[in-house]
**Q** 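Below is a structure I'd like to ask you about.
So that the names make sense, note that chain A is the first sequence line, chain B the second, and so on, each numbered from 1. All values below come from the heavy atoms of this structure, side chains included, with hydrogens, waters and symmetry mates left out.
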Amino acid sequence: MENIYDLIIIGAGPAGLSAGIYASRAKLSTLILEKDKTGGQIVTTDEVANYPGSVENPTGPSIVARMVKQAEEFGALRKKDPVLEVDFTGKIKIVRCKKNEYQGRSVIIASGAKPRRIGCQGEVELTGKGVSYCATCDGDFFTDFEVFVIGGGDSAVEEAIYLTKYARKVTVVHRRDELRAAKSIQEKAFKNKKIEFLWDTTVEEIKGKGIVESIVFKNKKTGEITEYKAQEEDGTFGVFPFVGYEPMSHIYKDIIQLDEKGYIITDEKMRTNIDGVFAVGDIRVKDLRQVITAAADGAIGAVQAEKYIDNLYPILEREVV
Amino acid sequence: MLEVDKKTFEEEVLKSEGFILVDFWSQGCEPCKELMPEVEELEEEFLDKVKFTKLDTGKARRLAISQRVLGLPTIALYKNGEKISEVTKDDASKDSIRDMIKNNI
């Protein structure tokens, strides 16, 4: 008989890792499955100023590295194997990955979300060619160049501030006439002399042969269309869209209850509509998507998974993995 | 993997015969650092067929831009000094790099 894990966690960002820490500490045999990169979205964040109790000047990678170490110390197993499909119909849940198939008594889905695309022409073709969703990865290409940040929320404005480390000018392009970002972040941005704002504006198209060369804007109030071209001596500029997120839930579409945006619906105990299947972190319906809420979800989910297993399987019946 | 920089890139990549793979990365790019050990594993697989190199774009920004690389990670395959294929960002994984090499050599 093949190994059956007490708990399979899908995703290795703060939510999944936190669940891994709690579950393995509770002596559940725990497998954490990750795609190709550990840590989730927070890894691309340079400064995490609001995670309580963390060491001084924490970065996304340093927080994640610590979580990985904690989970491993308690005995959680991590494997790199992208999940292709799941079968949650039986008492034993099956997770089919690229390399192997895994069986678990319970599953925690912590696959998170990814940056949403603007959805304009040229965006996909020019990704990695001037269009980027990762300021820490690509910011320094634009040292002394111009950069456009699309969006008006926390991420957009924070990344705009970060990009002023490199770019000579950062223009925040927002479809409304005021920002949605937290007031403290807004203040920082308004004080920054390198940041300008383009209000009531959407992006119609990004153009370029091989690299970004121009961007077409539309003023939502006047309907006016304008095209901004790269300065001749630059030849290019950066476009960083931060217009929200979309959940990585497509493989659960017909299996688990999702809301209209694709987020997994859970109760306060992180339970989905399927017994023994929980969802934690950015992938579930909730108000605030932060490292701390992801970590909290993970803890709650793991404790609930433990309770679920203890009810279903007296300890002696469990197989040793 | 052979480390190349803005001084040696021309000699080692653009003026080199055969297949050369360039891993464009930087210190600030976490996904790049996560991917690099897997690129090193591929180097073992394609020993004698492809020369594996890496370029820290933090120290060679204009060079990277001249190679039309403006996003990391980017893994590019050159043949006789010409870039013939590349994978970038989310599309850059061990499997996609292996496929790219196999489809071209």
**Q** Is it the case that more than 12 heavy atoms not belonging to A:K194 sit under 6.0 Å from its NZ atom?
**A** yes
**Q** Crowded around B:E10 CD? As in, over 12 foreign heavy atoms under 6.0 Å?
**A** no
**Q** Verify the neighbour count for atom CG of A:D154: are there more than 12 heavy atoms of other residues, nucleotides or ligands below 6.0 Å?
**A** yes
**Q** Verify whether one side chain among B:E30 and A:T44 offers a donor that lies under 3.5 Å from an acceptor in the other.
**A** no
**Q** Most heavy-atom pairs under 4.5 angstrom with chain B, which of A:K80, A:K114, A:K35?
**A** A:K80
**Q** Could you check whether atom CD of B:E40 has more than 12 heavy atoms from other residues, nucleotides or ligands sitting under 6.0 Å from it?
**A** yes
**Q** Heavy-atom distances under 4.5 Å only: say whether B:A60 touches chain A with side chain, backbone, both or neither.
**A** neither
**Q** For B:Q27, is it the side chain, the backbone, both, or neither that has a heavy atom closer than 4.5 Å to a heavy atom of chain A?
**A** neither
**Q** Inspect the contact between B:D95 and A:K98 and indicate whether a charged nitrogen and a carboxylate oxygen are less than 4.0 angstrom apart.
**A** yes
**Q** Looking only at heavy atoms and a cut-off of under 4.5 Å, which of B:T57, B:L70, B:T88, B:I65 has the most pairs with chain A?
**A** B:L70
**Q** Less than 4.5 Å to any heavy atom of chain B: does that hold for the side chain of A:K209, its backbone, both, or neither?
**A** backbone
**Q** Rounded to the nearest 0.5 Å, what separation is found between the CZ atom of B:R68 and the OG1 atom of A:T236?
**A** 8.0 Å
**Q** Is it the backbone or the side chain of A:F145 that comes under 4.5 Å from a heavy atom of chain B, or both, or neither?
**A** side chain
**Q** Is the number of heavy atoms from other residues, nucleotides or ligands under 6.0 Å of A:K229 NZ greater than 12?
**A** no
**Q** What pair of heavy atoms forms the shortest contact from A:F141 to B:G71, and how long is it?
**A** CE1-N, 3.7 Å
**Q** Looking at B:D91, B:V69, B:L35, which has the largest count of heavy-atom pairs under 4.5 Å with chain A?
**A** B:V69
**Q** When you compare the side chain of B:S26 with that of A:C137, does any pair of heavy atoms fall below 4.5 Å?
**A** no
**Q** What's the spacing between B:K59 NZ and A:D140 CG if we round to 0.5 Å?
**A** 11.5 Å
**Q** Should we count CD of A:E232 as having more than 12 external heavy atoms under 6.0 Å?
**A** no
**Q** Which residue out of B:E86, B:K94, B:R62, B:R61 racks up the most heavy-atom pairs below 4.5 Å with chain A?
**A** B:R61
**Q** With a 4.0 Å cut-off, would you call B:K89 and A:D138 a salt bridge?
**A** yes
**Q** Heavy-atom pairs under 4.5 Å with chain B: which of A:T143, A:V212, A:T136, A:T127 has the most?
**A** A:T143
**Q** Can you tell me which of A:G60, A:S132, A:P61, A:G39 forms the most heavy-atom pairs within a distance under 4.5 Å of chain B?
**A** A:P61
